[in-house]
Amino acid sequence: MDHLNDALAKLKLASTDGASDSVEKCLDRLLKALGSDNAEASVKIQETGVLALLPALLSPPSSCSPKVANVVAEVAKNEFMRSPCVQAGLIPPLVQLLDSGDQEVLLQTGRALGNICYDSHEGRSAVDLAGGAPIVAQHIKSLSQNTEPENEKLLTVFCGMLMNYSNDNDSLQGQLIAMGVIPTLVKLLAIHSHNAALTEMCLVAFGNLAELESSKEQFAATDIARELVRLFRKQAEHEKKEMILEVLAPLAENDAIKLQMVEAGLVECLLELVAQTVDGEREEDVAQLKTASDLMVLLLLGDESMQKLFEGGKGGVFQRVLSWIPSHNHQLQLAGALAIANFARNDGNCIHMVDTGIVQKLLELLDRHVLEGNVTVQHAALSALRNLAIPVVNKSKMLTAGVADVVLKFLPSEMPPVQFKLLGTLRMLIDTQADAADRLGTDAKLVERLVEWCEAKDHAGVMGESNRLLSALIRHSKSKEVVRSVIRGGGVKHLVTMATSEHMIMQNEALVALGLVAALDLVAAEEDFAAASLVAVLQRLLSDERSAPEIKYNSMILICSLLASEPLHKEVHSRPFADVVSKLRSHESKTVSQQASLTEQRLSAQS
């Protein structure tokens, strides 16, 4: 420490005398002290006021410049020194040194700026203000072709500097993207893939930039997918593979890049990785299996990439994914079911999959998870079944296969995501299927659960789907028994509330269902209609200029049905329906105007 104090004192003197030889010797001693105990030496440098002398030693540039920049780089390794470095005015002279043609000056300056920016908002702002980032970006661009070891070391430092500069800062990352850093870094990866340190730096930079939506278009215009897949194939180390996968995941959110990844052969790499790790018990194997299978599912979210891998249902990738469903591994079961849900995004695929027996595989999977109760697998398998049930030709086949019975096993579930998907699956299955709607609509346990979920105010999705299924049971069965089952279960009030939904499609479904209730068993329903203020709701819907033509039409049909009930008849006539309906005779929709005339006649005849 005495040597350090002596060096600091001499440096103070030498800097005022301008003796460069003495300054260099003092700087050498400072670097030695920093190498031995960086934190303590840094504190001394700050306490003795030497830090404030360094800007003058950097500007104008001299033979001492690289050593001064090196001292700053070493000092800035300490978090507590980054702010003092900024306050000492070191950033502007360091940025000026970036114009140097001396490689050692550039290397030490890049290190100094990178270290000052590390986890320091103040450091980044100062570098931004001094205009350091565009100069570094330009250096990387002009040096990118040179594969000399010293040059690659400089490129690694510069890439690290930009990474520290922009890390966790959307604004500065956006600035780098606007400068065109992405194409430069992709070229760098292609040319220097043999250099582990430089490729790692590029990967971290990609990971930072790929999170920004504005970066995706630039990435899509490069060979990023091909380069990352090529690099991935060369890797033996788990950590490096993981790094590449972490870059691929955010990029795969872009449909154009998804397709490029598929064409570059990423899927084959992922399938191989899954095969290698599926039986592994090490933590890293479990992590890689999850990352690889999740990424596989993500690639299937793009329509083009999905169809390319489906290959008419005969593709090797599709067949491999199918084999995941009966796997003993929950992560693979989950990925397999999600993949099927993604493949099931058009009617042709759905019809082919149902015809080739996928439904049975999914039902067996669900049966295993009634007791095992893995919520994510339940949710994924139900999602796949819901999508497969969309084409009309699949509904009866799936009902015959026993899909509804297996889905009903999950009625006791207390997990909203599972509740939501099972409701959607049943609703898709009974669409246009009168017998199935009749059977399910008279299932007292199902109706009771639906009515309970209609009140799930904390889970809007579950509440909406349960209302829609309740309505669908009535609409598709057109059965008096189903209507009575819903009335007994207390479902009528929820259908009335559904008629006031902000979604026109739900309003309409509710009104059609209420119309069938009134037509099939008005006597049994009139008390519930009155308690739920149905007549007041209908008046509001008819008076509201924003109500769609279908809403107005079905509201008037329902009014006409309600006139057959004495108490409801009285309530209708106690309200100004005649005036409201009269105005609708001139409605621009012919269907609405005709129904308004008929409704007006009924109101007059039964007044």
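What you see is a predicted model; the values in this text were computed from it and never measured. Numbering of residues begins at 1 and proceeds along the displayed sequence.
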Please report the interatomic distance [atom1]([X]) to [atom2]([Y]), rounded to the nearest 0.5 Å.
{"X": "C85", "Y": "N78", "atom1": "SG", "atom2": "CG", "value": "9.0 Å"}
{"X": "C269", "Y": "K241", "atom1": "SG", "atom2": "NZ", "value": "8.5 Å"}
{"X": "S120", "Y": "R124", "atom1": "OG", "atom2": "CZ", "value": "7.0 Å"}
{"X": "L106", "Y": "L155", "atom1": "CG", "atom2": "CG", "value": "11.0 Å"}
{"X": "Q333", "Y": "T376", "atom1": "CD", "atom2": "OG1", "value": "9.0 Å"}

Are any non-hydrogen side-chain atoms of [X] and [Y] less than 4.5 angstrom apart?
{"X": "L299", "Y": "L270", "result": "yes"}
{"X": "L34", "Y": "N70", "result": "no"}
{"X": "M296", "Y": "V274", "result": "no"}
{"X": "W324", "Y": "L271", "result": "yes"}
{"X": "R82", "Y": "Y118", "result": "yes"}
{"X": "K308", "Y": "L259", "result": "yes"}

Is a side-chain donor or acceptor of [X] paired with a backbone partner of [Y] at a separation under 3.5 angstrom?
{"X": "S59", "Y": "A56", "value": "no"}
{"X": "S36", "Y": "K32", "value": "no"}
{"X": "N164", "Y": "C117", "value": "no"}

Decide whether [X] and [Y] meet the rule of one side-chain donor and one side-chain acceptor closer than 3.5 Å.
{"X": "Q260", "Y": "D223", "result": "no"}
{"X": "Q288", "Y": "T277", "result": "no"}
{"X": "Q175", "Y": "D128", "result": "yes"}
{"X": "S142", "Y": "Q138", "result": "no"}

Results of salt bridge (charged side-chain N to carboxylate O under 4.0 Å, His left out) for [X] - residues two or more places apart only:
{"X": "E122", "value": "none"}
{"X": "E74", "value": "K77, R111"}
{"X": "K290", "value": "D294"}
{"X": "R320", "value": "none"}

N/O donor to acceptor pairs below 3.5 angstrom from side-chain atoms of residues 96-103, sequence neighbours left out:
from	atom 1	to	atom 2	distance (Å)
S100	OG	D102	N	2.9
D102	OD1	E104	N	2.8
D102	OD1	V105	N	3.2

Tell me if the NE2 atom of H121 is crowded by more than 12 foreign heavy atoms within 6.0 Å.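 Atom NE2 in H121 is not packed in, count stays at 12 or less.
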Tell me if the CD atom of Q319 is crowded by more than 12 foreign heavy atoms within 6.0 Å. yes
Do you know which two heavy atoms are closest between [X] and [Y], and how far apart they sit?
{"X": "A381", "Y": "A337", "value": "N-CB, 3.8 Å"}
{"X": "R368", "Y": "S327", "value": "NH2-O, 3.0 Å"}
{"X": "A339", "Y": "L300", "value": "CB-CD1, 3.5 Å"}
{"X": "L273", "Y": "A292", "value": "CD2-CB, 3.8 Å"}
{"X": "I340", "Y": "A384", "value": "CG2-CB, 4.0 Å"}
{"X": "D168", "Y": "Q173", "value": "N-NE2, 3.6 Å"}

Can you sort out the partners of V354 under side-chain contact (heavy atoms from CB on, under 4.5 Å), two or more places apart, ordered by chain and number?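 With neighbours one apart ignored, the set is V359, L388, N394, K397, M398.
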Taking only residues two or more places apart in sequence, or in another chain, which ones meet A190 in a side-chain contact (heavy atoms from CB on, under 4.5 Å)? E227, R230
Inter- and intrachain pairs under salt bridge (Lys or Arg N to Asp or Glu O under 4.0 Å), touching residues 250-262, at least two apart: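 Sorted result for residues 250-262: D255-K258.
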Sort and list the pairs that fulfil salt bridge (Lys or Arg N to Asp or Glu O under 4.0 Å) and have at least one residue in residues 46-71, not counting sequence neighbours.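 Listed once each, the pairs are E24-K67, D28-K67.
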Run the ring-ring contact (aromatic ring centres under 6.0 Å, His included) test against F232 and tell me which residues pass, sequence neighbours left out.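 By the ring-ring contact (aromatic ring centres under 6.0 Å, His included) rule, F232 matches no residue at all.
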Side-chain donor-acceptor pairs of residues 194-210 under 3.5 Å, sequence neighbours excluded:
from	atom 1	to	atom 2	distance (Å)
H194	NE2	E152	OE2	2.8
N195	OD1	A197	N	3.2
N195	OD1	L198	N	2.9
N195	ND2	E152	OE1	2.8
T199	OG1	N195	O	3.0
T199	OG1	A196	O	2.9
T199	OG1	K240	NZ	3.4
N208	ND2	N167	OD1	3.4

Mind checking what makes side chain to side chain donor-acceptor pair (under 3.5 Å) contact with T291, not counting sequence neighbours?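 T291 satisfies side chain to side chain donor-acceptor pair (under 3.5 Å) with E242 only.
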